[in-house]
Undergrad: 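Have a look at this one.
Atoms within each ligand, like the ligands themselves, are counted from 1 in listed order.
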Amino acid sequence: MVAESLTEKATVTEKGAVLLGNYVACDAFDESKPLRVVTHAHADHMVGLQRSIRTCEKILTTKATKDLIDVMRGPLFLMGGFVETLDCGKTIQYEEERITFFKADHILGAAQVLVEDSQGKRILFTGDFRINETPVIGADILVMEATYGSPQCRRSFGTDLKSLLVSLVEKGLEQGIVYIFGYHGKLQEVMQILHDANVRAPSVVPEKVFQVSKVCEKHGMRVGRLMLLDEWEARELLKNNSSCLAFYHMDARNRVSQDAFRIYVSGWEFDAPVREVSHNEYIIALSDHSDFDGLIEYVRRSKPQLVITDNYRVGHAETLAKEIHKRFGISAVALPKR
Ligand SMILES: [Zn+2]
């Protein structure tokens, strides 16, 4: 049994807000908390942000996430409220509680949030994370993402995905344009992998992808030289099916050149690192979330007394809670209840 005092210190609301301690609401609006944290700039973690900006005392986020929101929602969006940026590893005091951000290996700017209350209890929200480069934080209460929270979601390929990606892209470049589809953040990770592997084909991008990539570059990622779609040179490359890369958001996959060489970057792949879905059309299993084993590993090392799995966002929160209870004998619950 978990002490009543612990279960009252954290929850996930029906509207997706992750509440930590007395003052913090992460990733969705909640009228009872004065501080709104944005763990990262994916849409399902910016729920009700407009309302939070209007009514919360403060929006807390990392500098990189703020820059990403500025390009995704426009520079005026955050100006309606008071935004305080906090670096990972830094702590602020609010009333009797302490709030600290830690890096989360996910998209640029992603952070985990630790609240330490007046009784010294450590309440942690991981946000989205990939275990690889994410520091595991010891906590009494652990609120965690559950995207791949089912034992069926394991990526034990044991292969070097980066070199697979590079060779796939090189194969495509021999034929002409290679279209790459992915979500914001992941696309830029692909750019960096290709850049680091010395793939020097010109890259063509739509405006939004360009802006997000420039923020990533400003914060230290290497994305190579990018050309906007409407530049003359870019138009010529595409028109002539010249050897080049074209990066698009996943949402554009049904709108853009159906018969060209296409690669989708998606984490929802567990059987093989690369899958050919049709001629010249591939899915590569490059994920920015932990698989099931990574989620379990986090719990093992964080040693919490209570785990809450995020059942608002897409994933397997109930299964994960059951598996955690089974393995560690600690209380684990998926919230909100469905
Ligand atoms: Zn995310």
Side-chain angles (χ1 to χ4, degrees), residues 12 15-18 20 24-29 36-49 52 59-73 86 88 101-113 124-137 142-150 153 155 161 181-192 208-209 211-213 215-216 219 221 247-251 264-269 284-292 294-295 298 308-317 320 334-335:
V12 185
K15 290 180 178 157
V18 177
L20 310 173
V24 170
C26 305
D27 293 354
F29 172 73
R36 165 71 190 267
V37 169
V38 184
T39 61
H40 66 285
H42 279 149
D44 57 338
H45 296 261
M46 296 197 285
V47 180
L49 187 51
S52 297
I59 309 290
L60 271 177
T61 194
T62 61
K63 179 79 176 64
T65 297
K66 182 190 173 293
D67 288 348
L68 285 173
I69 297 172
D70 281 344
V71 300
M72 286 173 181
R73 298 281 171 99
L86 186 63
C88 287
F101 281 0
F102 294 94
K103 178 193 159 78
D105 180 7
H106 184 56
I107 63 164
L108 178 83
Q112 310 179 73
V113 187
L124 183 92
F125 177 41
T126 60
D128 288 347
F129 73 100
R130 174 169 53 188
I131 190 98
N132 310 43
E133 306 277 320
T134 299
V136 174
I137 309 301
L142 173 65
V143 186
M144 70 190 309
E145 65 130 320
T147 311
Y148 299 120
S150 156
C153 303
R155 282 181 293 266
L161 270 177
F181 299 88
Y183 291 99
H184 290 312
K186 187 93 72 76
L187 277 181
Q188 287 72 25
E189 191 184 339
V190 171
M191 290 172 187
Q192 179 160 290
K208 195 64 91 184
V209 175
Q211 290 172 336
V212 170
S213 306
V215 171
C216 291
H219 288 275
M221 288 180 71
F247 291 91
Y248 281 86
H249 191 274
M250 198 62 107
D251 291 349
Y264 309 100
V265 191
S266 166
W268 289 98
E269 290 289 314
I284 185 154
L286 195 71
S287 179
D288 48 17
H289 291 267
S290 294
D291 69 355
F292 177 75
L295 294 169
Y298 195 106
I308 297 168
T309 56
D310 181 352
N311 198 24
Y312 174 82
R313 289 164 186 88
V314 69
H316 298 275
L320 181 60
L335 292 176

Undergrad: Suppose we call two aromatic rings close when their centres sit under 6.0 Å apart. Are Y298 and F129 close by that rule?
TA: yes

Undergrad: Tell me, please, which residues at least two apart from H42 pass ring pair (Phe, Tyr, Trp, His ring centres under 6.0 Å).
TA: H40, H106

Undergrad: For the residue pair R313 and T147, confirm or rule out a side-chain donor-acceptor distance under 3.5 Å.
TA: no

Undergrad: Can you name the ring pair (Phe, Tyr, Trp, His ring centres under 6.0 Å) partners of F102, sequence neighbours left out?
TA: none

Undergrad: Classify the side-chain pair E145/T126 by whether it contains a donor and acceptor separated by less than 3.5 Å.
TA: no

Undergrad: Around the Zn ion (ligand 1), list the protein N/O/S atoms within a radius below 2.8 Å, excluding water molecules.
TA: H40 NE2, H42 ND1, H106 NE2, D128 OD2

Undergrad: What pairs with Y148 under ring pair (Phe, Tyr, Trp, His ring centres under 6.0 Å), at least two apart in sequence or on another chain?
TA: W268, F270, H289

